[in-house]
Number of protein chains: 6
Amino acid sequence: MRPSGRDLGQMRPVTIETGVTKHAEGSCLIKMGDTHVLCTASIEDRPPPFLRNTGLGWVTAEYGMLPRSTGSRMRREATAGKQGGRTVEIQRLIGRSLRAGVERAALGERQITVDCDVLQADGGTRCASITGGWVALRLAVNKLMQAGDVTSDPLGDPVSAVSCGIYAGQPVLDLDYPEDSVAGVDGNFVMTGGRMIEVQMSAEGATFSRDELEQLLGLAERGVGELAALQLAAVG
Amino acid sequence: MRPSGRDLGQMRPVTIETGVTKHAEGSCLIKMGDTHVLCTASIEDRPPPFLRNTGLGWVTAEYGMLPRSTGSRMRREATAGKQGGRTVEIQRLIGRSLRAGVERAALGERQITVDCDVLQADGGTRCASITGGWVALRLAVNKLMQAGDVTSDPLGDPVSAVSCGIYAGQPVLDLDYPEDSVAGVDGNFVMTGGRMIEVQMSAEGATFSRDELEQLLGLAERGVGELAALQLAAVG
Amino acid sequence: MRPSGRDLGQMRPVTIETGVTKHAEGSCLIKMGDTHVLCTASIEDRPPPFLRNTGLGWVTAEYGMLPRSTGSRMRREATAGKQGGRTVEIQRLIGRSLRAGVERAALGERQITVDCDVLQADGGTRCASITGGWVALRLAVNKLMQAGDVTSDPLGDPVSAVSCGIYAGQPVLDLDYPEDSVAGVDGNFVMTGGRMIEVQMSAEGATFSRDELEQLLGLAERGVGELAALQLAAVG
Amino acid sequence: MRPSGRDLGQMRPVTIETGVTKHAEGSCLIKMGDTHVLCTASIEDRPPPFLRNTGLGWVTAEYGMLPRSTGSRMRREATAGKQGGRTVEIQRLIGRSLRAGVERAALGERQITVDCDVLQADGGTRCASITGGWVALRLAVNKLMQAGDVTSDPLGDPVSAVSCGIYAGQPVLDLDYPEDSVAGVDGNFVMTGGRMIEVQMSAEGATFSRDELEQLLGLAERGVGELAALQLAAVG
Amino acid sequence: MRPSGRDLGQMRPVTIETGVTKHAEGSCLIKMGDTHVLCTASIEDRPPPFLRNTGLGWVTAEYGMLPRSTGSRMRREATAGKQGGRTVEIQRLIGRSLRAGVERAALGERQITVDCDVLQADGGTRCASITGGWVALRLAVNKLMQAGDVTSDPLGDPVSAVSCGIYAGQPVLDLDYPEDSVAGVDGNFVMTGGRMIEVQMSAEGATFSRDELEQLLGLAERGVGELAALQLAAVG
Amino acid sequence: MRPSGRDLGQMRPVTIETGVTKHAEGSCLIKMGDTHVLCTASIEDRPPPFLRNTGLGWVTAEYGMLPRSTGSRMRREATAGKQGGRTVEIQRLIGRSLRAGVERAALGERQITVDCDVLQADGGTRCASITGGWVALRLAVNKLMQAGDVTSDPLGDPVSAVSCGIYAGQPVLDLDYPEDSVAGVDGNFVMTGGRMIEVQMSAEGATFSRDELEQLLGLAERGVGELAALQLAAVG
């Protein structure tokens, strides 16, 4: 029934390759099916101004799509002169999600910027960014700990994200673009250690019942479990 | 226990005054406690370019805060040269929410822009904007119907929104600013006719369980029911 | 002869309601007929950089119109990415006018920003902004004096402003929009204590004689006198 | 008493050299003392969009200062990313002033853009721009008439502008920078054929009486008369 | 003598992998040592406005660097609100260089945009972009020819580019970042079929003689020959 | 054969008038035929932030064209909201070229900004800007030396620039606009004391051989020699 032939609760093949750029303190290339996102984590020794002298660190994120990561070429945001509303919304979500899994006092007064750049898009880029972003963050923090700059681990369970939606009347896990572009209801679930960080269910020209929300939550919990295992293996 | 002395599931006093500006096709001033939002709906006879010759209409929204609607003065976005990320995120939510309650073919090839301008803020401005925005939209559509420009009603049940969150370990309804500024978990629920349009639960430096989500959903359903009755009363 | 039926030298009904927002140090809603402007004064403890260590204070102003304050919806300036030329011109006028009535050494090294936001426009918004802006400023300064932060009153007579013009060949006072939109000659007069601060007479596709200027000055003096009395009454 | 040794009612030496660039349809270099402005008039065969099919023409103006036209180098507005408030105000004034002297139906559906670029500034650049701008405009219109594209002359008496102010307690004509920078009261008077187009009197940290306004008007009328004669001589 | 141990006239290892994204009509990932650039070519059926009804096509290019493609993280240009001067300069060079190798009448009224995004930088990104960009362009044109949309091949010999410079007093070929960052003289040579398209020699805080220019030209010719062979092999 | 009747290796008449503005520390108006550029050099006592406490100075340049310096009016960059790509490229070239002729340690911790504003354009504006810019810079440095602020002369031989190209199949020196607009190959050569600073040869829709490059270099060397003599004469 799904264009890809997947079962309702079946994710796309996911791979996470680490150490993909020589400059970044942490990096990975995550592929969720045909969605490919390059994630890097960059450490800066100073926290943002609003955290000076608080003893707390900060994690922030930026998101971008290469102009031809999509089926038809998009205008480059640097040329347009600003980031679009969708970009801003996504990068705020990534940053908020990753911060929920960080003990900021343990990180200390520094900032880690996670850049998530979509090389190829096929649906679910924000979820891939969060999942891959955590891996890059984990690797960067490992470096800080190996160097003795951070002594108590500020990270816990992986932060993972997956999309769910109602496609052709059925709840499905991990929508690809052909599904995403027609689904009236879909959402993103960000979780860590069995608990939720963000739930964003949206209906465009449609609505959904509480019962449907429950089913999607069930699918999301399953998907996130699989992702967390892959993340741990990748940083292993 | 709540700073305002309200019960956990008790909303702030809500009033909706309609017809507050002489120019707009629909308008209201919604007050949810000390949060005051002026909502206007403006009809344009042409749809946006991407809908030309489709027979479909469009509803969009813009959101703004007066510089001194808040405790300390904020920089005016027109001076800053762009809308901030939070503003963009909110106005996209308002537009998406209102469109979920519109039969766009019945509206026909025109656009209605709903402007939500916060005169005074005390938490929950995006929910007040959606709730008041629907009232302004309803009044504007009434005008179109009275003029015979629209013959089949494109609107159904009211679209209403309310915030919930976990404050001091307890699930509470309709957070005001003193609660909102310290709540680690909060969210917004947009509903219509007993079904959901958007669920946006966010944790900042915290997480929440599925069980807590259930409790918040229950509170939200109660609050939205009260708002829908007020909206219907306001539009007569 | 005037669309509103007013006499040539008759102003519209003017009301000034103070204390209209809970956050601002001074605020009022001024209504000159159907022109409604919300004015707030916000105190900042630091002067602008160019006044550091001079002992002098500063008063500045910003002006905005809600998108549907006008007959047809205007584009929001925050969306356009900048303030238009007319906006900039008006807010510079408001700031200059208010500063003319301030003893800046008595104010001390702080800045007061007066925001004038037009909720509904029907001509004369810049004059209403100056007149209402002074009331907000007066209330904010009162707060500083009550707190003992300012000991010598930096304000004197009210600063008041009114428009005059030549409508259908006749000099008229306080033009509303139906007059303003067809008058070839009109202007704004800002005065305090019987003396002038600004005179801005403009002709669009027309000219005027020195004799006509004299007549308009006479009307303006009368109008400003009425406004000053209302301002003093409002601030009690 | 004046820093330059001039009498109270004495203007600086004024010269107007025409035909100073080979590309523009009309051009002049006006020097009012050490204030030097290059004015060009460029004809475009199409009117601005809002005048299509009205039979009316348009005259607009733009103003700029070279970065080192002033005593200390100013930031280039193209680098700053926008025109400052002062620039916008001035170019609106120039355009409005020139249009007051144009019969727009006689001009026909075309646009003339007058660019006024300050090569060297010593006070009074906006007045020099208007006075020189009219000369450039006159020369461009001459070209249209010689080519037979315009048959009825859309221009009448010269449009001329001069500044006046109160310096050291005395009304003075045509302020240079040393006077302008300390004058508490000054203004610009734009006139044509003995009648007024714009009167802009401003006080910064000061006020002025109706009697003083009368005296300044008298000085301005004298100055404008001298300028008009020079303009007519220049266009020959 | 070179930090990498290479001979003066030895290039870094170069690989060109084609077909690296599923959406673009042509694409490759070019690696010149540790400099990695993703190049895509996107076909648009319409030419830019200035070429409508001329029968001519257009090739243009855009260039970007991922924020952490460099040793320390750079600010994202989309966040900064504009492309920097260096970026603009480079993308103009890429477009000009590729167009020199295109028979625009044979291409017909369409536009091909070549995007060059640097995933990892180690010197010579603009040369890698041109060389890889030609490969992506060739593959996209192949598609047009296979579809019968273009019948006469608009492309000829490969367009290739390489940098040369004077490092430690010696002329060297294909500078990497450790060389590039200290070389006082360096330049880029774009060639096709044994002839030159662009020569850009620059000295920062230094100068060079005509004799040195000759030596660098000799090195460049050798390097470009090697690149052309690799390009032809890549497009098979 | 050349539209102007000049010989292949003949430059346009060049004049350099110094001291043309009263404010700038150094200034000149350079005319290369009908190309007229006003160059000013402005001294600032502080270096740019990246040079603080290094003992080194900085020279930078900005470039602009008056809107009607060209055959048809160009949009003012301050209105467009940013400098175009061509402008940025040119001013980077001017700055780089001038810095190649400056001993930055001798200049000391200060910055000199050279502004090159094109009053009238007829081809070769960037070369005229470099040549005239050096004269302005020389005059400003003279002032520093006369004041004793700089003791060892940071400048040496003049920095001069000239364009060459292939017009109608022939190598020509110092292209004017009628030549420049049709030449397929042209370039700019910046030299000092017989050595090269920049060579920028570009082909648009064409290529050139090494032999042609040699011929153009020969022409450029001759032209630059003439310019250097004029520059030295101008600065006395």
Side-chain angles (χ1 to χ4, degrees), chain D residues 19-29 31 33-45 60-84 86-88 91 111-122 136 140 176-177, chain F residues 19-29 31 33-45 60-84 86-88 91 111-122 136 140 176-177:
Chain D
V20 293
T21 82
K22 75 174 207 179
H23 298 301
E25 283 77 28
S27 72
C28 76
L29 175 62
K31 298 187 178 177
D34 279 339
T35 289
H36 302 175
V37 184
L38 182 61
C39 305
T40 60
S42 300
I43 302 171
E44 213 182 336
D45 278 337
T60 187
E62 287 189 7
Y63 169 92
M65 300 183 85
L66 293 197
R68 196 55 198 279
S69 58
T70 43
S72 56
R73 186 178 183 273
M74 297 184 312
R75 191 174 177 195
R76 195 176 283 269
E77 290 188 325
T79 315
K82 62 171 185 178
Q83 296 183 305
R86 179 184 168 277
T87 295
V88 170
Q91 69 191 13
Q111 172 163 284
I112 301 182
T113 301
V114 175
D115 285 289
C116 302
D117 286 274
V118 180
L119 304 187
Q120 189 175 277
D122 188 39
D176 53 27
Y177 182 74
Chain F
V20 293
T21 81
K22 75 174 206 178
H23 299 302
E25 283 77 26
S27 71
C28 77
L29 175 62
K31 300 188 179 178
D34 280 340
T35 289
H36 302 176
V37 184
L38 182 62
C39 306
T40 59
S42 300
I43 301 172
E44 213 181 334
D45 277 339
T60 187
E62 287 190 7
Y63 171 92
M65 300 182 84
L66 294 196
R68 195 56 196 281
S69 59
T70 45
S72 56
R73 185 177 184 274
M74 297 183 312
R75 190 175 180 197
R76 194 177 284 269
E77 290 189 322
T79 317
K82 62 170 182 175
Q83 296 183 306
R86 179 185 166 275
T87 295
V88 170
Q91 69 192 13
Q111 172 163 285
I112 301 183
T113 301
V114 175
D115 285 288
C116 301
D117 286 274
V118 179
L119 304 186
Q120 187 176 279
D122 188 38
D176 54 28
Y177 182 74

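Just so it is clear, the model here is predicted, and its values are computed rather than measured. Hydrogens, waters and symmetry mates are skipped; everything else that's a heavy atom, side chains included, is used. Letters A, B, ... are given to chains in the order of the sequence lines, protein chains preceding strands, and every chain is numbered from 1.
What you find for D:S69 and D:M74 is that their closest heavy atoms are OG-CE, 4.4 Å. Minimum heavy-atom separation, D:A136 to D:A41: O-CB, 3.4 Å.
One finds no salt bridge joining F:R68 and D:D117 here, because no Lys/Arg side-chain nitrogen approaches an Asp/Glu carboxylate oxygen to under 4.0 Å.
For F:A80, no part sits under 4.5 Å from any heavy atom of chain D, backbone or side chain. Looking at F:V20, only its backbone comes within 4.5 Å of chain D, counting heavy atoms on both sides. The parts of F:D115 that come within reach of chain D are both its backbone and its side chain, each placing non-hydrogen atoms under 4.5 angstrom from that chain. Of the atoms belonging to D:S27, not a single heavy atom falls under 4.5 Å from chain F.
Ranked by heavy-atom pairs under 4.5 Å with chain D, the list F:S72, F:G84, F:G71 is led by F:G71. Between chain D and the options F:T40, F:T70, F:T21, the largest number of non-hydrogen pairs under 4.5 Å is found for F:T70. Ranking F:E25, F:K22, F:E44 against chain D, the residue ahead of the rest is F:K22, based on heavy-atom pairs under 4.5 Å. Note on F:T113, F:L119, F:L38: by heavy-atom pairs under 4.5 Å with chain D, the leading option is F:T113.
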Before giving the answer on side-chain contact (heavy atoms from CB on, under 4.5 Å), spell out for F:T35 and F:Y177 the whole-Å C-alpha distance, their side-chain angles and the decisive distance to 0.1 Å.
CA-CA 9 Å; F:T35 289; F:Y177 182 74; over 6 Å; no
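In summary, of the residues considered (D:Q120, D:R76, D:R86), a side-chain contact (heavy atoms from CB on, under 4.5 Å) with D:M65 occurs for D:R86 alone.
Applying the side-chain contact (heavy atoms from CB on, under 4.5 Å) criterion to D:E77, with sequence neighbours excluded, gives D:Q83, D:T87, F:A78.
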